[in-house]
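Indexing begins at 1, ligand by ligand and atom by atom, following the structure's order. Quantities reported herein were computed from a predicted structural model and do not represent experimental measurements.
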Amino acid sequence: MKKISLLGATGSIGLQTVDVVQAHPDHFQFVAISLGRNINEARKIINACSPKLVSVMSKEDSEMLKAEFPSIRFLYGEEGLVEVATHPDADILVNAVLGSVGLVPTLEAIKIKKTIAIANKETLVTAGHIVMEAAKEHEVDILPVDSEHSAIFQSIQGQDESAIDRLILTASGGSFRDRTREELKDVTVQEALHHPNWSMGAKITIDSATMMNKGLEVIEAHWLFGLPYEKIEVLLHKESIIHSMVEFSDTSVIAQLGTPDMRIPIQYALTYPKRMNLPHTPRLSLADVGQLHFTKMDMQRFRCLAFAFEAGKKGGTMPTVLNAANEEAVQAFLNGHITFLEIEDVIEKAMMEHNVIQNPCLSTIKEVDLEARKFVKILSRVN
Ligand code: MN3
């Protein structure tokens with residue numbers, strides 16, 4: 001029986017993690033979960049999984065739930081997240097929380113040698129140097145949950161890692177793959193929220209349409225697999241069947257394929273290095289798929305991807321600015337304050353404005369994050 005702590009239980013990855021755990025009640029058990037404000041969903045998960053500890057965002061919600069479930073311990077806020085992440089009974093922490101709140105709990109879990117399954121992009125994008133160093137120091141595995149990184153991770157099992165020449169991350173292209181920049185000028189929030197292959201939350205769906213999601217994944221891949229940005233490539237692959245590939249020095253390429261279903265990489269992180277059946281996911285039929293398509297990425301068309309490579313190469317605090325500016329810009333777009341293409345403009349301006357600080361500590365990262373957000377808010381006429 002593997003005991004699991006889960007940060008971000010009611011998000012898209014969180015709910016699919018609950019799904020995987022419920023599909024294998026003899027193998028997996030939740031001991032602690034955290035969630036934000038979705039109390040109705042929380043009740044369902046608590047009833048189905050009976051964790052020992054639940055952390056929510058507000059004190060009021062924690063008190064209300066405590067009255068309903070007296071045998072369960074309830075906490076709230078940042079302290080609650082750390083308690084969930086470091087629960088003594090857990091074997092593995094699944095970090096599926098949105099935003100930078102996942103960082104400190106993850107570092108605390110690493111310190112007490114919990115295996116980390118990471119789906120929270122900000123943790124590696126903003127503090128990859130700190131997280132990977134801590135993981136090395138405490139001999140902790142950081143297991144990828146995102147489909148691209150899981151594909152790379154699966155492709156390098158048993159391989160000579162010193163012979164890796166290139167990581168090739170595939171990108172579906174998001175909701176606007178086939179549109180020109182001219183055609184992107186007036187797109188609506190509704191159009192942007194419609195993703196052809198994956199069903200995800202609003203923020204990541206917009207990030208897929210701008211290609212920022214892939215950009216953040218490039219930075220994550222750099223930290224997870226320790227390769228320079230020159231050895232990381234993105235390839236447009238609209239079917240989302242090949243989830244990513246690795247090229248070795250003898251020119252061999254190993255790829256991981258599968259039905260686009262996030263429960264596959266989530267489950268692999270939970271069962272690693274073993275595998276288990278996944279009852280409700282349809283098997284991949286390449287005969288039905290028929291054709292797979294690949295196109296070189298156009299960096300002028302997808303400017304956010306170019307920004308991410310630039311931020312990654314500049315290093316230090318620049319990825320924090322990229323991420324914070326993007327979060328605020330996406331929010332401003334969703335709220336109707338800026339247009340779709342202005343997301344790119346404000347990120348570019350925020351990056352131009354910033355003087356990189358190399359090897360930042362947590363408090364510097366936090367400061368830079370707040371500054372970049374403030375800058376974007378003013379720029380996008382929110383304040
Ligand atoms: Mn992905």
Side-chain angles (χ1 to χ4, degrees), residues 8 11-17 19-20 94-99 102 116-126 128 142-156 167-177 192-225 227 229 232-246 255-270 281 284 292 294 297 302 304-305 307-309 312 319 322-323 326-327 330:
S12 172
I13 298 291
L15 287 174
Q16 293 180 82
T17 305
D19 231 39
V20 168
V94 180
N95 177 354
V97 84
L98 264 189
I116 311 288
I118 196 140
N120 169 248
K121 291 197 160 76
E122 291 78 4
T123 295
L124 285 176
V125 168
T126 65
I142 309 282
L143 305 173
V145 167
D146 206 352
S147 61
E148 295 78 2
H149 307 90
S150 178
I152 291 168
F153 186 63
Q154 293 182 53
S155 299
I156 62 175
L167 305 180
I168 304 161
L169 276 77
T170 53
S172 68
S175 4
F176 300 140
R177 183 188 57 229
L193 285 178
H194 182 76
H195 192 285
N197 302 350
W198 299 95
S199 146
M200 308 175 289
K203 157 76 169 47
I204 187 170
T205 303
I206 303 299
D207 283 350
S208 295
T210 61
M211 207 51 76
M212 182 57 92
N213 181 52
K214 209 52 54 180
L216 298 174
E217 288 176 356
V218 165
I219 298 173
E220 282 184 278
H222 162 79
W223 289 115
L224 280 170
F225 305 108
L227 280 189
Y229 288 95
I232 305 174
E233 257 182 54
V234 177
L235 184 65
L236 202 59
H237 166 46
K238 66 178 180 188
E239 289 88 2
S240 296
I241 296 295
I242 294 184
H243 299 312
S244 279
M245 304 176 248
V246 180
Q256 186 259 345
L257 289 72
T259 310
D261 184 334
M262 280 309 295
R263 287 173 300 186
I264 303 170
I266 291 168
Q267 180 170 297
Y268 187 68
L270 295 180
T281 299
L284 173 63
L292 297 179
F294 305 95
M297 281 313 292
F302 295 108
C304 284
L305 186 58
F307 297 158
F309 270 102
L322 174 91
N323 176 66
N326 178 58
E327 274 186 33
V330 169

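Looking at residues two or more places apart in sequence or on another chain, you find a side-chain hydrogen bond (donor to acceptor under 3.5 Å, both in side chains) between N213 and K121, E217. Legend: residues meeting side-chain contact (heavy atoms from CB on, under 4.5 Å) with A269, ordered by chain and number and at least two apart, are A117, L143, V145.
Side-chain N/O atoms of T126 and N323 include no donor and acceptor closer than 3.5 Å.
E148 contributes OE1 as its N, O or S atom closest to the Mn ion (ligand 1). The atom of E217 nearest to the Mn ion (ligand 1) is OE2, with the search restricted to N, O or S atoms. The name of the N, O or S atom in D146 nearest to the Mn ion (ligand 1) is OD1.
Between S147 and M262 the shortest side-chain heavy-atom distance falls below 4.5 Å.
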